[in-house]
**Q** 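Please read through the structure below; I'll follow up with questions.
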Amino acid sequence: QLQLVESGGGLVQPGGSLRLSCAASGFTSVYYAIGWFRQAPGKERDGVSCISSSGGSTNYTDSVKGRFTISRDNAKNAVYLQMNSLKPEDAAVYYCGVVRVVYNQCVMIRADFGSWGQGTQVTVSS
């Protein structure tokens with residue numbers, strides 16, 4: 001069974017940077033498009049970014065464009081989210097998960113691959 005484990009979160013000041021990791025185990029992740037999602041207290045869990053299985057196609061929600069970069073290293077069975085210029089509104093628990101693909105483009109809609117993991121907490125505060 002494919003399992004994804006998030007890490008890399010922490011406490012940063014506004015304008016700071018973090019690099020999140022999504023490590024796959026139990027199964028290779030190279031065949032799957034992977035997305036990052038986040039959920040702040042009292043809010044819905046929304047898609048942040050996604051990347052195709054090859055890494056050739058990426059997608060971002062408008063609020064993070066130009067600040068976040070998703071990438072993957074299939075040799076390491078991992079997906080990353082580089083977050084720069086962090087804002088307080090970016091604070092949330094970040095999750096990764098398999099996402100759907102439409103016409104070879106990833107979409108930030110989670111596929112049916114079981115329950116969410118524990119996520120990793122990102123706190124942005126002065």
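All figures in this text were calculated on a predicted structure; none of them were measured in a lab.
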**Q** Measure the shortest side-chain to side-chain distance between Val48 and Tyr60 over non-hydrogen atoms and say whether it is less than 4.5 angstrom.
**A**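 No - every pair of side-chain heavy atoms lies 4.5 Å or more apart.
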
**Q** With side-chain contact (heavy atoms from CB on, under 4.5 Å) as the test, would you mind laying out the steps for Ser71 and Gln82 before giving the verdict?
**A** CA-CA 8 Å; Ser71 63; Gln82 178 67 47; over 6 Å; no

**Q** For the residue pair Phe68 and Asn84, establish whether any side-chain heavy-atom pair is separated by less than 4.5 Å.
**A**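 Counting from C-beta outward, Phe68 and Asn84 never come under 4.5 Å.
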
**Q** Between Ser54 and Gly56 (side chain of the first, backbone of the second, donor and acceptor by atom type, cut-off under 3.5 Å), is there such a pair?
**A**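 Pair found, side chain donor or acceptor close to backbone of Gly56.
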
**Q** Taking the six-membered ring of Phe37, is NZ or CZ of Arg110 closer than 6.0 Å to its centre and within 45° of its axis?
**A**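 No, a cation-pi geometry is absent between Arg110 and Phe37.
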
**Q** For residues Trp36 and Met108, determine if any side-chain heavy atom of one lies less than 4.5 Å from a side-chain heavy atom of the other.
**A**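 Not in contact.
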
**Q** Out of curiosity, Leu81 CG to Cys96 SG, how far, rounded to the nearest 0.5 Å?
**A**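 Reported value, rounded in 0.5 Å steps: 10.0 Å.
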
**Q** Does Arg72 make a cation-pi contact with Tyr80, if we ask for NZ or CZ under 6.0 Å from the ring centre and within 45° of the axis?
**A**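 Here Arg72 fails the 6.0 Å and 45° test against Tyr80.
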
**Q** Verify the neighbour count for atom CG of Asn104: are there more than 12 heavy atoms of other residues, nucleotides or ligands below 6.0 Å?
**A**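 Not buried by this count: 12 neighbours or fewer within 6.0 Å.
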
**Q** Rounded to the nearest 0.5 Å, how far does CG of Asn74 lie from OG of Ser53?
**A**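 Going from the OG atom of Ser53 to the CG atom of Asn74 covers 7.5 Å.
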
**Q** Does the side chain of Val98 reach to within under 4.5 Å of the side chain of Ile34, using non-hydrogen atoms?
**A**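 Yes. Closest side-chain heavy atoms under 4.5 Å.
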
**Q** I need the full list of disulfide bond (SG atoms under 2.5 Å apart) pairs touching residues 31-64, with sequence neighbours left out, sorted by first then second residue.
**A**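 Every pair satisfying disulfide bond (SG atoms under 2.5 Å apart) with a residue in residues 31-64: Cys50-Cys106.
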
**Q** Do Asn59 and Gln105 come within less than 4.5 Å of each other through their side chains, counting heavy atoms only?
**A**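 Contact flag for Asn59/Gln105 side chains = no.
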
**Q** Please name the residue in the list Thr61, Asp90, Asp46 that meets the side-chain hydrogen bond (donor to acceptor under 3.5 Å, both in side chains) test with Arg38.
**A**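 It is Asp90, the one option of Thr61, Asp90, Asp46 that forms the side-chain hydrogen bond (donor to acceptor under 3.5 Å, both in side chains) with Arg38.
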
**Q** Honestly curious: do Val64 and Ile51 fall in one hydrophobic cluster under the side-chain, below-4.5 Å linking rule?
**A**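 Val64 and Ile51: one cluster.
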
**Q** What residues form a salt bridge (Lys or Arg N to Asp or Glu O under 4.0 Å) with Lys65, not counting sequence neighbours?
**A**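 Only Asp62 meet the salt bridge (Lys or Arg N to Asp or Glu O under 4.0 Å) criterion with Lys65.
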
**Q** Going only through I, L, V, M, F, W and Y residues with side-chain contacts under 4.5 Å, is there a path from Leu20 to Val93?
**A**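 No; tracing contacts between hydrophobic side chains, which count when under 4.5 Å, never links both residues.
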
**Q** Kindly compute the distance separating CG (Leu4) from OH (Tyr32), expressed to the nearest 0.5 Å.
**A**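 Between Leu4 CG and Tyr32 OH, I get 10.0 Å after rounding to 0.5 Å.
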
**Q** Quick one: pull up OG in Ser49 and OH in Tyr94 and give me the separation to the nearest 0.5 Å.
**A**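 Those atoms lie 11.0 Å apart.
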
**Q** Could you state whether Val30 and Val99 fall into the same hydrophobic cluster, counting links through intermediate Ile, Leu, Val, Met, Phe, Trp or Tyr residues with side-chain heavy atoms under 4.5 angstrom apart?
**A**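 No, Val30 and Val99 fall in different hydrophobic clusters.
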
**Q** Just list the side-chain donor-acceptor pairs under 3.5 Å for residues 116-126, sequence neighbours left out, or say none.
**A**
| unit_1 | atom_1 | unit_2 | atom_2 | d |
| --- | --- | --- | --- | --- |
| Thr120 | OG1 | Gly9 | N | 2.9 |
| Gln121 | NE2 | Ala92 | O | 3.4 |

**Q** Quick one: CZ on Arg19 to OG on Ser7, what's the gap to the nearest 0.5 Å?
**A**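 Those atoms lie 10.0 Å apart.
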
**Q** Output the distance between atom OG (Ser57) and atom OH (Tyr103), rounded to the nearest 0.5 Å.
**A**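 Answer rounded to 0.5 Å: 15.0 Å.
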
